[in-house]
Undergrad: 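To start, I am sharing the structure in question, which I have written as structure tokens.
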Number of protein chains: 2
Amino acid sequence: MDRREEIMLAAEKSFSMFGYKATTMDRVAKIANVGKGTIYTFFSNKEELFHSIVWKMVEEMKNVSERTAKEGASFQENAHARIMQLLKFRETHQLFIKLIEEEKELRTPAVGDALTSIEKEILKFIAGKIERGVAKGELKPCDSELIAFLLFRSYLALVNDWSKTHDEQLTEKQITDILNGTIFSSLLV
Amino acid sequence: MDRREEIMLAAEKSFSMFGYKATTMDRVAKIANVGKGTIYTFFSNKEELFHSIVWKMVEEMKNVSERTAKEGASFQENAHARIMQLLKFRETHQLFIKLIEEEKELRTPAVGDALTSIEKEILKFIAGKIERGVAKGELKPCDSELIAFLLFRSYLALVNDWSKTHDEQLTEKQITDILNGTIFSSLLV
DNA sequence: AAGTGACCGAAATACCATTTCGGTCTGCTA
DNA sequence: TAGCAGACCGAAATGGTATTTCGGTCACTT
């Protein structure tokens with residue numbers, strides 16, 4: 001395998017296991033079986049390497065989300081499935097988990113920036129779906145960016161935050177019921 | 001003025017200016033013109049004193065919010081006015097500002113607990129209004145706690161969080177438009 | 001030409017001496 | 001003698017500094 005790929009794999013492994021701060025360039029080099037200087041042939045610094053890994057993860061996340069959509073299903077059904085998949089990825093994928101944890105405990109700036117740009121990318125992804133829905137005549141014209149924001153934040157609140165102050169998680173039915181009645185119903189043509 | 005009141009005023013002043021961690025019992029005693037031991041005659045410890053002050057603030061916040069509601073106005077209008085008032089209080093009231101800041105930077109556990117219980121109280125307040133709306137036949141029956149949660153979180157996201165990733169704040173019109181079309185419209189009879 | 005790892009200095013960490021502060025308690029004052 | 005004050009205590013926080021860590025470079029090897 002080519003050296004760049006080796007380094008990417010090693011970095012992904014290390015960032016996933018130890019987070020940003022605790023992965024050292026020495027460690028990445030060691031895992032990749034490569035001299036430390038070699039890393040700097042392909043990546044100009046630690047942050048750029050990190051960005052490459054994060055970007056790769058975001059692409060994978062979007063692909064996974066995309067794959068959950070079904071051909072004949074309604075807009076809400078697919079939107080719901082896609083967003084739930086995004087949230088599931090978020091709390092399942094090792095690297096993502098580690099980054100959220102590091103942001104909470106360590107406040108590493110590079111990690112904060114990464115999470116911000118990930119959310120931005122997710123919102124762009126959702127907004128794109130909404131625009132396509134509008135173009136296909138399934139949805140009323142609307143401010144796709146604003147709706148994407150409200151929708152994603154609502155999901156985040158209902159799926160992740162509710163259970164922080166209540167004993168049991170909301171069921172998927174409760175979530176679909178409340179959102180179909182509110183945000184989705186206002187979108188549909 | 002009685003000594004308990006003096007102490008409360010001194011504590012409120014100090015917590016507002018310096019936050020929880022940086023207000024010392026010595027300082028409170030000094031401001032109140034009272035010996036430190038005297039504080040312990042009225043409050044069993046620093047946390048209890050803090051709770052008293054926070055509780056007083058929450059009561060005031062609810063009162064202020066209550067006062068913005070108009071007699072003849074529709075449910076949405078009053079709900080909107082009340083919640084906007086809550087959010088305004090949140091970013092206007094010295095003590096509240098200080099607590100949010102301290103939670104973000106210092107992570108003082110007592111402050112985190114206080115903010116959690118404040119939010120809980122706000123949600124109870126909103127849920128109560130929804131229940132009254134249902135009882136008066138203005139709103140459809142619904143899970144008031146869940147709706148209160150979604151509504152308040154939506155406001156928080158639109159008013160406070162949107163501007164963190166975008167250049168300009170949302171206008172009040174944009175906010176009412178989007179929420180009247182979604183959450184509120186599903187509530188109304 | 002491509003790759004390596006010893007090396008550099010800024011920044012983080014660990015360590016410990018010193019200070020701070022919540023809470024107690026004895027003695028003072030009215 | 002009841003209510004109040006502030007000196008006092010020890011656990012915890014803080015500050016200063018000796019030491020280590022780590023991102024990035026570069027002279028050397030293959």
Side-chain angles (χ1 to χ4, degrees), chain A residues 1-54 98-99 101-114, chain B residues 1-54 98-99 101-114:
Chain A
M1 203 185 300
D2 72 348
R3 304 179 100 70
R4 190 192 151 90
E5 192 63 16
E6 298 269 28
I7 293 167
M8 288 276 281
L9 285 175
E12 187 179 350
K13 197 177 290 182
S14 183
F15 285 133
S16 298
M17 293 179 69
F18 310 108
Y20 179 81
K21 198 180 165 198
T23 91
T24 66
M25 294 303 261
D26 276 310
R27 177 175 260 155
V28 173
K30 189 72 72 65
I31 298 176
N33 273 316
V34 140
K36 185 164 57 157
T38 308
I39 298 176
Y40 290 88
T41 312
F42 301 101
F43 302 93
S44 60
N45 53 42
K46 186 182 177 183
E47 271 208 43
E48 193 190 302
L49 175 59
F50 181 55
H51 263 94
S52 298
I53 302 301
V54 167
K98 202 72 200 174
L99 295 184
E101 182 192 317
E102 189 168 353
E103 164 68 1
K104 204 170 59 186
E105 331 266 54
L106 281 305
R107 292 279 167 87
T108 320
V111 173
D113 294 348
Chain B
M1 203 183 301
D2 72 348
R3 304 179 100 71
R4 192 193 150 90
E5 193 63 17
E6 300 269 27
I7 293 167
M8 288 277 280
L9 286 174
E12 187 178 352
K13 196 177 291 182
S14 182
F15 285 133
S16 298
M17 294 179 68
F18 309 109
Y20 179 81
K21 199 182 163 195
T23 92
T24 65
M25 294 302 261
D26 277 310
R27 177 175 260 155
V28 173
K30 190 72 72 63
I31 298 175
N33 275 318
V34 142
K36 185 163 57 154
T38 307
I39 299 176
Y40 290 87
T41 312
F42 301 101
F43 304 92
S44 60
N45 53 41
K46 187 182 177 183
E47 271 208 43
E48 193 190 301
L49 175 59
F50 180 56
H51 264 93
S52 299
I53 302 299
V54 168
K98 203 71 200 174
L99 295 185
E101 183 192 317
E102 189 167 354
E103 165 66 1
K104 204 170 60 186
E105 332 265 53
L106 283 305
R107 293 278 167 86
T108 320
V111 173
D113 293 350

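Chain letters run A, B, ... following the sequence lines, proteins first, then strands; residues in each count from 1.
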Undergrad: Specify the separation, in whole Å, of atom CG of A:Asp26 and atom P of C:dC7.
TA: 14 Å
Undergrad: For the pair made of CZ in A:Phe50 and C1' in D:dG23, what is the distance, rounded to whole Å?
TA: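 My rounded result for the distance is 16 Å.
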Undergrad: Specify the closest pair of heavy atoms between B:Ala114 and B:Val54, including all atoms of both residues, with the distance to one decimal.
TA: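 Closest approach of B:Ala114 to B:Val54: CB-CG2, 4.4 Å.
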Undergrad: Does a side-chain N or O of A:Lys21 approach OP1 or OP2 of C:dA11 to a distance below 4.0 Å, or not?
TA: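 No.
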Undergrad: Between protein and nucleotides 3-5 of chain C, what N or O pairs are separated by less than 3.5 Å?
TA:
{"unit_1": "C:dG3", "atom_1": "OP1", "unit_2": "A:Arg3", "atom_2": "NE", "d": "3.3"}
{"unit_1": "C:dT4", "atom_1": "OP1", "unit_2": "A:Arg3", "atom_2": "NH2", "d": "3.2"}
{"unit_1": "C:dT4", "atom_1": "OP2", "unit_2": "A:Gly35", "atom_2": "N", "d": "3.0"}
{"unit_1": "C:dT4", "atom_1": "OP2", "unit_2": "A:Thr38", "atom_2": "OG1", "d": "2.5"}
{"unit_1": "C:dG5", "atom_1": "O6", "unit_2": "A:Gly37", "atom_2": "N", "d": "3.4"}

Undergrad: What does B:Ser44 touch in the nucleic acid at a heavy-atom separation under 4.0 angstrom: a base, only the sugar-phosphate, or nothing?
TA: nothing
Undergrad: Quick one: A:Tyr20 OH to C:dA12 P, roughly how many Å, whole number?
TA: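 Atom OH in A:Tyr20 sits about 12 Å away from atom P in C:dA12.
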Undergrad: Between B:Leu106 (CG) and D:dA13 (C1'), how many Å, whole number?
TA: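 Distance, rounded to whole Å: 12 Å.
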Undergrad: Output every pair passing side-chain hydrogen bond (donor to acceptor under 3.5 Å, both in side chains) with a member in residues 18-45 of chain A, not counting sequence neighbours, ordered by first then second residue.
TA: A:Ser44-A:Glu48
Undergrad: Which heavy-atom pair separates B:Ile39 from B:Ala29 by the least distance, and what is that distance?
TA: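 Taking B:Ile39 first and B:Ala29 second, the nearest heavy atoms are CD1-N, 3.8 Å.
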Undergrad: Between C:dG22, D:dG24, D:dA13, which nucleotide has the shortest distance from any of its atoms to the side chain of B:Tyr40?
TA: C:dG22
Undergrad: Run B:Phe50 and B:Leu99 through side-chain contact (heavy atoms from CB on, under 4.5 Å) and show every step you take.
TA: CA-CA 11 Å; B:Phe50 180 56; B:Leu99 295 185; 3.8 Å; yes
Undergrad: Take the protein atom CZ of B:Arg4 and the nucleotide atom P of D:dC4, then report the distance between them rounded to whole Å.
TA: 13 Å
Undergrad: B:Arg27 has an atom CZ; how far is it from atom C1' of D:dG6, in whole Å?
TA: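 To the nearest whole Å, that distance equals 18 Å.
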Undergrad: Ignoring hydrogens, what is the shortest heavy-atom contact between B:Ala32 and B:Ile7? Give both atom names and the distance.
TA: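 Heavy atoms only, the tightest pair is CB-CA, 4.0 Å.
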Undergrad: Over how many whole Å does the gap from B:Met25 atom CE to C:dT24 atom P extend?
TA: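 Atom CE in B:Met25 sits about 10 Å away from atom P in C:dT24.
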Undergrad: Is there a side-chain contact between B:Glu12 and B:Met8, using heavy atoms and a 4.5 Å cut-off?
TA: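 SC-SC contact between B:Glu12 and B:Met8 ruled out.
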Undergrad: Between A:Arg3 and A:Glu6, is the closest basic N to carboxylate O distance under 4.0 Å?
TA: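 Here A:Glu6 does not pair with A:Arg3 in a salt bridge, since their nearest N and O are not under 4.0 Å apart.
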Undergrad: Tell me: NZ of A:Lys30 to P of D:dT21, nearest whole Å?
TA: 14 Å
